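Heads up, the thing below is written out as structure tokens.
Predicted model only: the values in this text are computed from it and were never measured. A note on names: the letters A, B, ... follow the listed sequences, proteins ahead of strands, and every chain is numbered from 1.
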Amino acid sequence: MQDIDNVGKTGRHTMAFEMMGHHAFNADEGTDYAYEGEVYWKEECVAYCEGFFERFGVDLEELVYIEYPWCGGGNAGPALEVIYRGLELATLVFMSMERDPDGEYELHDGNSYSLMDRRIVDTGYGLERWTWMSQGTPTVYEAIYPEMIDTLTESVGIEHTEEEAAIVHDAARLSGTLDIDDVDDVEAARAEIAGELGVDVDRLRALVEPLEDIYAIADHSRTLAYMLGDGIVPSNVGTGYLARMVLRRLKRLADGVGVDAPLDELVDIQAERLGYQNRDTVREVVRTEVEKYRETLARGERRVESLAEEYAREGVPIPAGELVELYDSHGIQPDTVEEIASEHGVDVAAPDDFYALVADRHEGGQAEETVDSEDERRFTDLPETDRLYYEDQSRMEFEAMVLAVIEREDREGADYDVVLDQTMFYPEGGGQPADHGTLSTDDLTVDVLDVQQVGDVVVHRTDGDPGTGEFVRGTIDRERRMRHMRHHTATHIVGHAARQVLGEHIRQAGAQKGTDSARLDVQHYESVTEEEVTAIERRANNLVMADERVTQEWLDRNEAEKRHGFDIYQGGIPEGEQVRLIQTGPDTQACGGTHVSYTGEVGTIKLLNTERVQDGVVRLSYAAGEAAIEAVQRTERRLAATADVLDVSPAEVPETAERFFEEWKARGKRIEQLKEELAQARASGGDDGEEVDLDGTSAVVQRLDGDMEQLRATANALVEEGKVAVVGSAADGAQFVVAVPDGVAVDAGDVVGKLARRVGGGGGGPPEFAQGGGPDGEALEEALAEAPEILHEGLGD
RNA sequence: GGGCUCGUAGAUCAGCGGUAGAUCAUCCCCCUGGCACGGGGAAGGCCGCGGGUUCAAAUCCCGCCGAGUCCA
């Protein structure tokens, strides 16, 4: 991905590539590996490699080998880069060492390694480059998707004379050997090529640049086809984010050179070429994303425009800080800002280290992870616990021997870790909570409060010590376990139903099965509609009613993948050579959880809620079996309670609620009006208000016990009459409003402040209108009595 | 997984502790033979939801919900 800027320019960089390779496993004699002896090693490998090249008609004299020490993934060894005419065509890695803290060889990655008794040859070839080399086209792009390039050049309307075509061809050939790291290098390289061809640099640029963009467009399209075809959903996190970035870059490039075909068509050309079956979904995803991008841009444009106008008024350039903010929070590229700003005649202070400034905003906040390996060590000496819950998932009782009991002081309630030789208790894992239950000897019974898996050992956390060496009878809390099993099987069913309704791209992004409900996060590119929820619920329950068998089967990993594909790993990729496959009717998944035997046992599935947990991920919450019944009953009770309050039947609740809400709003408005009228009546009637003369202006000090709104209205009405208003209320503590007409030299904020202090509060506001108050309602009269004096003081200043 | 931004009238947004606003759209009136424009007016707001701070919260703080964006 770091070469993304090179795509299209050098003629050889592609964003996605297909890696070919072959391996040989050599094992020293006397080891007990399946393979023993040497298959082939360095010399033979190079010989095979050259034979391979020869078949392509390569002049072996032009092959260059560069040997270097390689390390990665915990292994190391010598490696050869095979280069033909400046192009790296293959890498041959010879792994002979493994990471070992006590190893005698220290390599350049800072780790120590020691020799292994296996030696592995691992070769790799980029398919695209071989295709290119064998085709002899000017660039790799014309070799791997020629019709796409043709479509694009035609769409953009590029036509070359023979002479021009020759220049482009030669330039492409030369640039293929370049490794360009930044923009300066591109220009330097271009000058070099122009010199070599005897062509003016500007002319070369004019000829080549549109083509470079076309190559990039074709390649970005292909990358997107790979990503979306493989089921990646654009999002603001993870690989989904990469997909979004590629798409937006593609959109900018396509608009830049004026490709008239819509993006989903470009991606579809590549998706078809790559043989994807889910092309309709891919197109839909692209269209949705393009629309989102368009909205983001429109939003950004408005934002930049108002910003540009603001800085235009001040006559200063837009500062770098604003640029960083625009990019980081709103996704607006600096060049977009410059473009819009220049239309408003504003400069932009674009810093050279722009992306460094962005990075600065992201530093820190790195969450550190504390690994508690102490637990692990405590149990490593114990033998693997035999897991009975896989043998018969419906059995809830078993007998076992206590192998070890470790007292814990750091946990409240669960004071002992008990390890048995075998157990029926399911430890927390795969999104399924731990079983609860009891362990009993003849003398005592202890509660199992939690069960965890530590390495190969199942640890039961209990509130008592059953005694090491004792035989115990274990009893699982049946109700709890059954709920988990129903929810677990329901999860497979809902996932399958969601796939049928929403599309083949649906992948599990996480799941949690609880006692009262369960949830499944799936990757999806838009919110799930109500209709889709209904459809998923119906399909899920159809599968429940079909009462299909739920079977488990242990299969060799390779065999399982061959038979069912990689989609079995919805819940993550398990360890070990054997995988446990759970077949739920038409759905097959690798899963370590406990399940019911027939889908009918799930009882019923009720979808409770859907939410967008993040962009590109939708969370489905649901309940199964008795939990589903309980959930429905809860909802019904709420509806019944609501209907009861409204005094109507449940069926009438929606329209009644709407009517009430409308009426409530209308009444609020009417009250507002009446208050206004009341205030005016009071002000003009002058009831119980004390009128004070203030150097020719009259001021009214009045008490009326109402809310703030009434005070304001009354004060405003008095000001209309040209009077200074001081209005007080003791309805809720003590509150004041002071309003002053234009041209009267009284500071309302000041007056309110002084009044409010007398009731133990504060207040303030602009000079012509202020409000305030305090908790001491008793002191209101006293404060109002002092108002005339305060007003005079104010005038005196 | 982490950071940042935004939720205010039907739409786009301003206000960022002290009386909820602008523009467009809507409706009415005026201008004109009619339309575009122009002029005048009206209607339209749980200021996303819930807590907290404060005399006072659209505004500050916390939580939730929703939208967006950048980085790994």
Short side-chain N/O contact to C70(B) OP1/OP2 from Arg244(A), under 4.0 Å: no

Same-atom distance (P) from A58(B) to C16(B), integer angstrom: 14 Å

Distance below 4.0 Å between Arg248(A) side-chain N/O and U69(B) OP1 or OP2: yes

Residue Arg303(A), side-chain atoms from C-beta onward, closest of U5(B), G68(B), C46(B): U5(B)

Any strand: nucleotide that pairs with C55(B) via Watson-Crick or wobble, under 3.5 Å: G18(B)

Touch class at under 4.0 angstrom, heavy-atom based, for Gly774(A) against every strand present: sugar-phosphate

Rounded distance [0.5 Å steps], CE in Met227(A) versus CZ in Arg244(A): 12.0 Å

Stepwise side chain to side chain contact (heavy atoms under 4.5 Å, CB included) test for Val337(A) and Leu307(A): CA-CA 10 Å; Val337(A) 179; Leu307(A) 208 61; over 6 Å; no

Ser329(A) (side chain) donor-acceptor with Leu326(A) (main chain) under 3.5 angstrom: no

Spacing of the C1' atoms in U53(B) and C60(B) (rounded, Å): 8 Å

Closest to side chain of Thr296(A), choosing from U5(B), C46(B), G68(B): G68(B)

Salt-bridge present (Glu655(A), Arg659(A); N to O < 4.0 Å): no

Sugar-phosphate only, base, or nothing, as touched by Gly773(A) at under 4.0 Å among non-hydrogen atoms: base

Base partner of A67(B), which must satisfy Watson-Crick or wobble distances under 3.5 Å: U5(B)

Phosphate OP1/OP2 of G45(B) contacted by Lys665(A) side-chain N/O (<4.0 Å): yes

P spacing across the pair U5(B) / G45(B), given as an integer number of angstrom: 31 Å

Any-strand Watson-Crick or G-U partner of C46(B), both distances under 3.5 Å: none

Interatomic distance where CG belongs to Leu307(A) and C1' belongs to U5(B) [whole Å]: 14 Å

A57(B) and G2(B), which share atom name P, separated by this distance in whole Å: 33 Å

Value in whole Å for how far the C1' atom of G68(B) lies from CZ of Arg302(A): 12 Å

Rounded distance in Å between the C1' positions of G3(B) and A42(B): 47 Å

Short N-O contact, Arg294(A) and Glu291(A), less than 4.0 angstrom: yes

Base-pairing mate for U23(B) - Watson-Crick or G-U, with both contacts under 3.5 Å: A11(B)

Inter-nucleotide C1' distance (U59(B), U19(B)), Å rounded: 15 Å

pi-stack flag for Phe769(A) and U19(B), centroid dist under 5.5 Å, interplanar under 30°: yes

Rounded distance in Å - CD (Glu309(A)) to C1' (U12(B)): 13 Å

Sugar-phosphate, base or nothing in reach of Glu295(A), heavy atoms under 4.0 Å: nothing

Any Lys669(A) side-chain N or O less than 4.0 Å from OP1/OP2 of G45(B): yes

Gln771(A) side-chain proximity, nearest of U19(B), U5(B), U69(B): U19(B)

Under 3.5 Å donor-acceptor pair, Asp328(A) side-chain atoms to U69(B) base atoms: no

d(CG, Leu711(A); P, G18(B)) in whole Å: 18 Å

Partner nucleotide, any strand, of C31(B) [Watson-Crick/G-U, under 3.5 Å]: none

Proximity to the side chain of Pro775(A) - top-ranked nucleotide from C55(B), C46(B), U19(B): C55(B)

Sugar-phosphate, base or nothing in reach of Tyr327(A), heavy atoms under 4.0 Å: sugar-phosphate

Along RNA chain B (nearest heavy atom to each residue), the more 5'-positioned of Arg712(A) and Gly762(A): Arg712(A)

Nearest-angstrom distance from the residue atom CG of Asp521(A) to P of G1(B): 9 Å

Protein-nucleotide distance (Glu663(A), atom CD; C46(B), atom C1'), rounded to Å: 17 Å

Interatomic distance at P, G17(B) relative to C24(B), whole Å: 29 Å

Atom-to-atom span, CG of Leu297(A) to P of U69(B) - whole angstrom: 9 Å

Most 5' of Tyr293(A) and Met708(A) on RNA chain B, judged by nearest nucleotide: Met708(A)

Ion pair Lys723(A)/Glu691(A), N-O distance below 4.0 Å: yes

Between C70(B) (P) and Leu323(A) (CG): distance, integer Å: 15 Å

Spacing of the P atoms in C37(B) and C28(B) (rounded, Å): 16 Å

Under 4.0 angstrom between Ser329(A) side-chain N/O and C6(B) OP1 or OP2: no

Mutual orientation of the aromatic rings belonging to His505(A) and Tyr525(A) [parallel < 30°, tilted 30-60°, perpendicular > 60°]: tilted

Sequence neighbours excluded, every pair satisfying ring-ring contact (aromatic ring centres under 6.0 Å, His included) that has a member inside residues 285-309 of chain A: none

